[in-house]
Amino acid sequence: MAHEDLYVTVKQLMQEGKGILAADESIGTVGKRLDTVNLPNEPENRQDFREILFTAPGIEEFLSGVIMYDSSIRNTTDDGIPFPDVLAARGIIPGIKVDKGTRPLEGFSGEVVTQGLDDLADRLKEYYALGARFTKWRAVITIAEDIPTDACIEMNAVMLARYAQIAQGAHLVPIVEPEVIFAGDHTIQRAEEVSMRTLQILFATLRQYKVDLKGLILKTSMVLAGDQYKEQSTPEQVADATLRAFHLSIPHDIGGVVFLSGGQTAKRATENLNAIAQKGEQPWPISSSFSRALEEPVLTAWQGKEENIELAQKALLFRTRMNSFAQKGVYDKTKDVK
Ligand code: 13P
């Protein structure tokens, strides 16, 4: 089945110089973000934070889409304007995270599987009516001594494929996100091997279940040594390892690839994106879909204070501009913050 409407959305999301803001933390996770600036996890603080992000002046130049969470797609600004409408009015496509988080994979110590398929088709109808045009489902692949197992990668790939089928059937672009976790003491070689295996299994499964690859976006980790490994990977190493893994696993006909930041600092994520872009044109458009690497500078500037809102919004605009340069391979780190 051809999905012309999905192809249009994919093209808009993957516009040159633009990225996707992932502001889709669950209520628990956004609480951890607020806690970093000593703000209690209360509805008002969550709403204020999202309003600061979504109404920041100028961001439409650098953001093509925003991924929201169930509670925020239903939420409004202080003036009562629904968040999806605020974004759409500025040409930013509203998106929604649709998985319901992870649960332990019984019998497989340290591994998890993502859930949320049961009532997905019904939920998607409602999200479409609320203005969403794309969706995200995150699977978690952890690296440790004997993991990930193929069983875990395969189970998550089937869930991702089923999710993508349902999303496409509901006229919503699926972003399939198998996140290979950065935390750990693994080498970059091990990360490359795991990323490649994960992506190969994922795309074989997506094809098997007849998901329309052109109407889909992959969200993935950059390939780099674990955050506890003695030697942190350089941007050059990250770019080479990431693109090597991609070329051996990602079909050329998918809609696009976006990176998560995965716990890297904001500046490091930008630098690595830039190094990847500098390797020249690839078979797929490549951009970013950061959460922490966009939101942390905003939270630091804001601190929950009314008088800091303008500064916080400028921090978001600045970060999205830096990432826009990086997406084109023209980022100059001497013009970034220290
Ligand atoms: P980070 O950029 O913080 O890794 O988040 C991206 C994301 O959407 C994870 O699901």
Side-chain angles (χ1 to χ4, degrees), residues 13 18-36 49-50 53-54 62-73 93-102 112-116 132 134-143 156 159-160 163-164 167 173-184 191 195 198 202 216-224 226-227 238 242 256-274 276 286-300 315-316 319-320 322-323 326-327:
L13 286 170
K18 293 192 181 186
I20 299 170
L21 164 64
D24 59 346
E25 296 92 343
S26 62
I27 291 174
T29 306
V30 75
K32 286 188 211 156
R33 306 276 184 271
L34 293 170
D35 188 52
T36 61
F49 179 45
R50 265 67 190 252
L53 296 172
F54 303 163
F62 307 116
L63 289 181
S64 59
V66 168
I67 316 174
M68 285 174 279
Y69 183 66
D70 181 75
S71 54
S72 32
I73 199 170
I93 306 176
I96 177 82
K97 167 195 170 82
V98 301
D99 67 75
K100 291 188 171 176
T102 60
V112 294
V113 62
T114 302
Q115 60 176 9
F134 72 103
T135 60
K136 186 192 95 173
W137 178 287
R138 172 175 177 259
V140 173
I141 305 296
T142 305
I143 305 180
N156 278 293
M159 300 290 164
L160 281 162
Y163 143 72
V173 169
I175 296 187
V176 293
E177 181 186 21
E179 175 172 355
V180 174
I181 299 294
F182 174 37
S195 297
T198 300
L202 174 63
L216 158 150
I217 292 171
L218 169 70
K219 177 161 176 170
T220 185
S221 316
M222 296 173 184
V223 174
L224 70 179
D227 66 350
V238 172
T242 301
V257 181
V258 292
F259 288 110
L260 58 99
S261 57
Q264 302 179 70
T265 62
K267 214 174 153 184
R268 187 172 178 206
T270 307
E271 260 187 276
N272 285 338
L273 177 66
N274 187 60
I276 292 165
I286 297 183
S287 191
S288 61
S289 174
F290 298 155
S291 178
R292 281 165 285 180
L294 285 174
E295 292 179 351
E296 277 167 6
V298 179
L299 282 162
T300 306
L316 179 63
R319 218 52 253 156
T320 56
M322 290 300 113
N323 290 327
Q327 193 271 340

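Hydrogens, waters and symmetry mates play no part in the numbers below; they use all other heavy atoms, side chains included. Just so you know, ligand 1 is whichever comes first in the structure, and atom 1 is the first atom listed for that ligand. Since the structure is predicted, the reported quantities are computational estimates derived from the model, not experimental observations.
- Every atom of ligand 1 is numbered from 1 in the order shown, and the set under 4.0 Å from a heavy atom of Ala22 is 8 (O).
- The closest approach between any non-hydrogen atom of Lys97 and ligand 1 is not below 4.0 Å.
- Side chain of Gln264 to main chain of Ser261: a donor-acceptor pair is present (N/O by atom type, distance under 3.5 Å, no hydrogens or angles).
- Checking only distances, Glu177 does come within under 3.5 Å of ligand 1, N or O to N or O.
- Residue-ligand proximity, Phe290 to ligand 1, at heavy-atom distances under 4.0 Å covers atoms 2 (O).
- By the 4.5 Å heavy-atom criterion applied to side chains, Ser71 and Ile27 are counted as neighbours.
- Residue contacts with ligand 1 include Lys219, since one or more of its heavy atoms lies under 4.0 Å from the ligand.
- Within the model, atoms NZ of Lys97 and CD of Glu177 stand 7.5 Å from one another, a figure rounded to the nearest 0.5 Å.
- Using a distance-only test at 3.5 Å, with no hydrogens or angles considered, a donor-acceptor pair links the side chain of Asn323 to the main chain of Arg319.
- With a 4.0 Å cut-off on non-hydrogen atoms, Ser291 touches ligand 1 through its backbone as well as its side chain.
- Between Arg50 and Glu25, at least one side-chain N (NZ, or NE/NH1/NH2) sits under 4.0 Å from a carboxylate O, which counts as a salt bridge.
- Among Lys136, Glu296, Gln264, the residue whose heavy atom sits closest to atom 10 (O) of ligand 1 is Lys136.
- Scanning all protein heavy atoms for the shortest distance to atom 4 (O) of ligand 1 gives Gly262 N, 2.6 Å.
- To the nearest 0.5 Å, atom CG of residue Asp99 and atom CD of residue Gln115 are 9.0 Å apart.
- Atom CZ of Phe62 and atom CE of Met322 lie 8.5 Å apart (nearest 0.5 Å).
- Ser291 contributes a side-chain N or O that, together with a main-chain N or O of Ala22, makes up a donor-acceptor pair within less than 3.5 Å.
- When non-hydrogen atoms are compared, ligand 1 lies under 4.0 Å from the side chain of Arg138 (C-beta onward) but not from its backbone.
- For atom 3 (O) of ligand 1, the closest non-hydrogen atom on the protein side is Arg292 NE, 2.7 Å.
- When only non-hydrogen protein atoms are considered, atom 1 (P) of ligand 1 lies nearest to Ser261 OG, 3.3 Å.
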